[in-house]
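See below for the structure under consideration.
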Amino acid sequence: MTSQHQRPIPLLLTGLVVTLLGIVGTRAEEPTSPPASEPLVVDQRGPTIKAAYKDYFLIGTAGDMPGRYSDQEMGLVKEHFNIVTPENCMKPGPIHPSENTWRFERPDALVEWCEDNNIAVHGHTLVWHAQTNDWFFRDGDKAAVTQRMKDHISTLVGRYKGKIRGWDVVNEAINDGGNAQTARTENLRSSSWLRAMGPEFLTLAFKFAHEADPEAKLYYNDYGIETGPKHASSMVLLKRLINEGAPIHGVGIQGHWSTGRIPYAALDKAISDYASLGLEVSITELDVTIRGASGGQFGRGFGGRRFGGDAPPAPQDLKAQADAYARLFSIFVKHKEVIRRVTFWGLSDRRTWRFGQHPLIFDSNNQRKPAYAAIVDALLHPNPDLAAPR
Ligand code: 9MR
């Protein structure tokens, strides 16, 4: 896609050019940009997103590679991304199904494949309310549950010490929604961790992770924390963790958004707010749907057929999505001093938890979408208007 697809020449100017061409007697050409209803052609060979952004931040993808990925998909990961987040295989559920059972086969294979291909790994996730087996909490008082948490974190983080760049230590601990009253509090979700250990569970999780790998960058990761009362609660929580001496280095804004509903201004401010606490920021699970919406809540967004399955999206929807991605990346570039990584949650519109909603930058056939070109173009031809908060 050329740059005029993202920034249409104003009508007035187009009219002027056409008129001038008429005056000098040259036949006015048809406008080169196709009308929005015609397919958009995307150059598949231009600079890669990884190369374009190499001096700004890491560009990641999520998945449980190598697993059942095709050679073409593996090639795509190697060519376009420099960091991988395991989408599922390191979650407590799959990796530690019972107290004395660990399933390291897939995580080991992922870490080894990434090492072989010079790709970094970000670990996901150590402490979560979902995908965590009951045995962690069964018949346990606070001391017993704390010990199980410690064993879990020490074993997992310790195994990959020096091989995993950072970890989502605690995932999604804050309640959805909220109001002016909860905005003054941490508004913690009533998880089994909170019930067993109290609010200290977060601080301890960070301490255990730091002990196991002092070099790893440790993150609090959540969705919807860039806006509204949930953002305010995230600030209350992070300040408390810092005050309690939790070794926390960064905040992960997941970034499960929908075209037309992205809170750009709030996001811009949230990144500055987190930076003001001395924390780095990453966009950890980025996807921008074309159809339907879901913020990242567990168990939601498995649209599939409901959203039309694999039916191709309309050109004007792809264009709107491309514009949204260009704006997001313009904001990220503005904050390049604090943003370390931008990771897409999946690889392609086939390899995504939001299948049918076409949220990613490669289509179902592993081809670059208009969004891909728009993201690269946003860096090569910056438009300050795109980064301005609105
Ligand atoms: O994409 C993940 C999907 O394959 C899993 O079934 C689901 C439950 O484990 O988790 C999805 O990833 C979630 C991530 O781990 C945390 N933030 C929200 C993500 C989307 O639900």
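One-based numbering, in listed order, for ligands and for the atoms of each.
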Sub-6.0 Å ring centroid separation between H249 and W167 | no
A student checking ligand 1 against E172 at a 4.0 Å heavy-atom cut-off should list atoms 16 (C), 17 (N), 18 (C)
Would a 4.5 Å heavy-atom cut-off, applied to side chains only, mark L40 and K319 as touching?
-> yes
Using a strict 4.0 Å cut-off to heavy atoms of Q254, name the atoms of ligand 1 that fall inside it.
-> 17 (N), 18 (C)
Under 4.0 Å, heavy atoms only, figure out whether ligand 1 is touched by the backbone of N221, its side chain, both or neither.
-> neither
Considering only heavy atoms, which of Q131, H124, K91 lies nearest to atom 10 (O) of ligand 1?
-> K91
Classify the ring geometry between W102 and H152 as parallel (under 30°), tilted (30 to 60°) or perpendicular (over 60°).
-> parallel
Indicate yes or no: does R354 engage D287 in a salt bridge with an N to O separation below 4.0 Å.
-> yes
Shortest heavy-atom approach to atom 13 (C) of ligand 1 - which of Y223, W353, W345 | W345
Min side-chain heavy-atom separation F208-T146 under 4.5 Å = yes
Atoms of ligand 1, numbered as shown, that sit under 4.0 Å from any heavy atom of E285 | 14 (C), 16 (C), 17 (N), 18 (C), 19 (C)
Between Y53 and F329, is the ring centre distance below 6.0 Å?
-> yes
Can you find an N/O atom of N171 closer than 3.5 Å to an N/O atom of ligand 1?
-> no
Ligand 1 atoms nearer than 4.0 angstrom to some heavy atom of W128 are 9 (O), 15 (O), 16 (C)
